[in-house]
Amino acid sequence: MDSKGPPYPNAPGFVPVLNQPQPTGYPHPPAQQSYAHPPPPPPYDSNANMIPPTAHHHHQQQQQATYVHTIVTAPQVGPDPASITCPSCQKHIVTRLDFETSTKTHIFAGLLCLFICWPCFWIPYVIDSCKNANHYCPNCGAYIGTYRG
């Protein structure tokens, strides 16, 4: 190093050299610049998800989530086709019925076998009142509900 000191300003031991011509393209010494530090990286929670920038300021704002709960209840249906508004397609319809065997159907058939009427065990399987009535929309095919009689 030579006796003039380090070649950069604001360093300890810097001695400016006076009365020297400025290099071309620089009519005056450059203004002293201040450099802002880059912002710190955003904080992360324990799940490694980014926390919004407002969460680490001194005046934290409480953000409150709003949840809307929609409760859809099945319409009351009976053993016969029902005239209702379909919850799926919103059309006014008369439900289509499909009958399905149930535990009740099997119990009636078993009782007929136990009481010496075994040749008649098949009767509960053909009588709709011994089965569950499943209601469907004839327009969109959506399941509406079941009547267990």
Is the backbone of Gly78 close enough, under 3.5 Å, to the side chain of His135 for a donor and an acceptor to pair up by distance? yes
Work out which heavy atom in Ile144 is nearest to a heavy atom in Val77; give both atom names and the distance. CG2-CG1, 4.4 Å
For the atom pair OG1 (Thr105) and CG (Asp128), what is the distance rounded to the nearest 0.5 Å? 9.5 Å
Would you say Ile127 and Trp122 are hydrophobically clustered, going by side-chain heavy atoms of ILVMFWY under 4.5 Å? yes
Do the side chains of Leu112 and Pro124 get nearer than 4.5 Å, heavy atoms only? yes
Same cluster or not: are Ile123 and Phe115 linked, directly or through other Ile, Leu, Val, Met, Phe, Trp or Tyr residues, by side-chain heavy atoms under 4.5 angstrom apart? no
The reported gap from CG in Asn132 to OH in Tyr147 (rounded to nearest 0.5 angstrom) is 10.0 Å
Correct closest heavy-atom pair for Glu100 and Lys131 would be O-CB, 3.2 Å
Find the distance between CD1 (Ile84) and CD1 (Ile93) and round it off to the nearest 0.5 Å. 4.5 Å
Side-chain heavy atoms of Cys137 within contact of Cys89, under 4.5 Å: yes
Any side-chain donor near an acceptor of the partner, His106 and Tyr125, under 3.5 Å: yes
Around atom CZ of Phe121, are there more than 12 heavy atoms of other residues, nucleotides or ligands at under 6.0 Å? no
Would a single hydrophobic cluster contain both Val126 and Phe108, if residues Ile, Leu, Val, Met, Phe, Trp and Tyr are joined by side-chain heavy-atom contacts under 4.5 Å? no
